Each structure stands twice: as C-alpha cells, then as structure tokens.
Amino acid sequence: MQYDILISEFGAVATISVSKKTYRKNVIIKVLYECTDRLFVLVSEDNDNFLIKISAKDPSCTDVTELYKECGKLVNNLADQELRQIVIEETGKIRDVIIQKAFSEAAKGITHKLLDSDLPRYDQSYKSDKKNIMKIKG
C-alpha cells in the first residue's frame, strides 16, 4: 500500500493505492463512508489495485501534514474493517445457530390462538384486566 499527495491550485489530494488481493471493495466503501463528514472521497480501480483519492472538505485546510494523518487513519481503519469482516465470516454460522436456537425456544411457548373474546371492546379499559395481563409476575 502506498500513498502520494499532489498539491495543485485546487488543494491537496492524496491518492492511496490499495491491493485488490488484500482488501475487498465493500470494506473500502465502509471505511470511506466514515470519512465523508470531513473528506471528499473517490474510488477507482485498475487491474490490481483500488485507487482512493481523498481531499479535505474544508477549503482552508491546506496543511499536507493533516492529509498524511488522514491517510494513516484511513489505512488503519481499512485493516480494522477487514479484520471485522474476517471475524464475521468465521463466526457467522455460530451466530446464526445461536439466534435460531434463541428464537425456536421462544416460539415453543406460543400456543395460544387469539380469539375475538381476547380483543378489548370499545367499552373496556386496562383497568378491567380480566386476563391479569397487568399483574406483576416474577
């Protein structure tokens, strides 16, 4: 991964070259989205790399050091987000089993069918609680 900064009359623009073998496009998009409050971002690609261009939204920000810091943050966030994706892929099946088990246990207790007599009438209020729904339990 490398990055270059070009300074022109339009301001400073950093170009970060990211290998397609190392990072996925969806990871790059997620990380760049987090930066859009303070940076203009553009993603393009060639055969082997994604090319990320960033520049400060604040026109008064002409400090190249700040842009280098933003590049560093972006690169660190790419590594962080890529690791998150790996963990999600590795633990996704376990998470799905846990969720399925939790909802199947909850669904076992649902045996009551709703009858017309269960619905409140216009003249009823929560104060006439014949089913003891409001009763504190446990």
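Positions are given from 1, in the same order as the sequence printed here. For clarity, every value in this text was computed on a predicted model and none was experimentally measured.
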Do Val41 and Val64 land in one hydrophobic cluster if side-chain heavy atoms of ILVMFWY residues count as linked below 4.5 Å?
yes

Around atom CZ of Arg38, are there more than 12 heavy atoms from other residues, nucleotides or ligands closer than 6.0 Å?
yes

Which pair of heavy atoms, one from Leu74 and one from Val31, lies closest together, and at what distance?
O-CG1, 4.0 Å

Identified side chain to side chain contact (heavy atoms under 4.5 Å, CB included) counterpart of Ser55 within the set Leu67, Leu39, Val13:
Val13

Scanning both residues in full, the closest heavy-atom pair of Lys57 with Phe40 reads CA-CE1, 3.5 Å

Look at the side chain of Asn49 and the backbone N and O of Leu51, then say whether any donor-acceptor pair between them is shorter than 3.5 Å.
no

Less than 4.5 Å apart, side chain to side chain, heavy atoms only: is that true for Ile54 and Glu70?
yes

Decide side-chain contact (heavy atoms from CB on, under 4.5 Å) for Lys69 and Thr65; before the verdict, give the C-alpha distance in whole Å, the side-chain angles of both, and the deciding distance to 0.1 Å.
CA-CA 6 Å; Lys69 287 180 185 178; Thr65 306; 4.2 Å; yes

Look only at the side chain of Lys20 and the backbone of Asp46, and say whether a donor-acceptor pair between them is shorter than 3.5 Å.
yes

Calculate, to the nearest 0.5 Å, the distance between atoms CD and CD1 belonging to Gln100 and Ile98 respectively.
11.5 Å

Listed by chain and number, what are the side-chain contact (heavy atoms from CB on, under 4.5 Å) partners of Ile29, not counting sequence neighbours?
Lys25, Val43

Before you tell me yes or no, could you show the steps for Thr15 and Ile52 under side-chain contact (heavy atoms from CB on, under 4.5 Å), namely the whole-Å CA-CA distance, both residues' side-chain angles and the distance that decides it to 0.1 Å?
CA-CA 5 Å; Thr15 303; Ile52 303 167; over 6 Å; no

What I'd like to find out is whether the side chain of Glu90 reaches to under 4.5 Å of the side chain of Ile86, using heavy atoms alone.
yes

To the nearest 0.5 Å, atom CD of Gln81 lies from atom CG of Asn76 at 13.0 Å

Please report the closest heavy-atom contact between Ile16 and Cys71, naming both atoms and the distance.
CD1-SG, 3.9 Å

Can a donor-acceptor pair be found, under 3.5 Å and without considering hydrogens, that links the side chain of Lys53 to the backbone of Ser44?
no

Which atoms form the tightest heavy-atom contact between Phe50 and Tyr23, and what is the distance?
CE1-O, 3.5 Å

Between the CZ atom in Arg24 and the CG atom in Leu78, the distance rounded to the nearest 0.5 Å is 12.0 Å

At their closest point, which heavy atom of Glu82 faces which heavy atom of Thr22, and how far apart are they?
CD-O, 3.8 Å

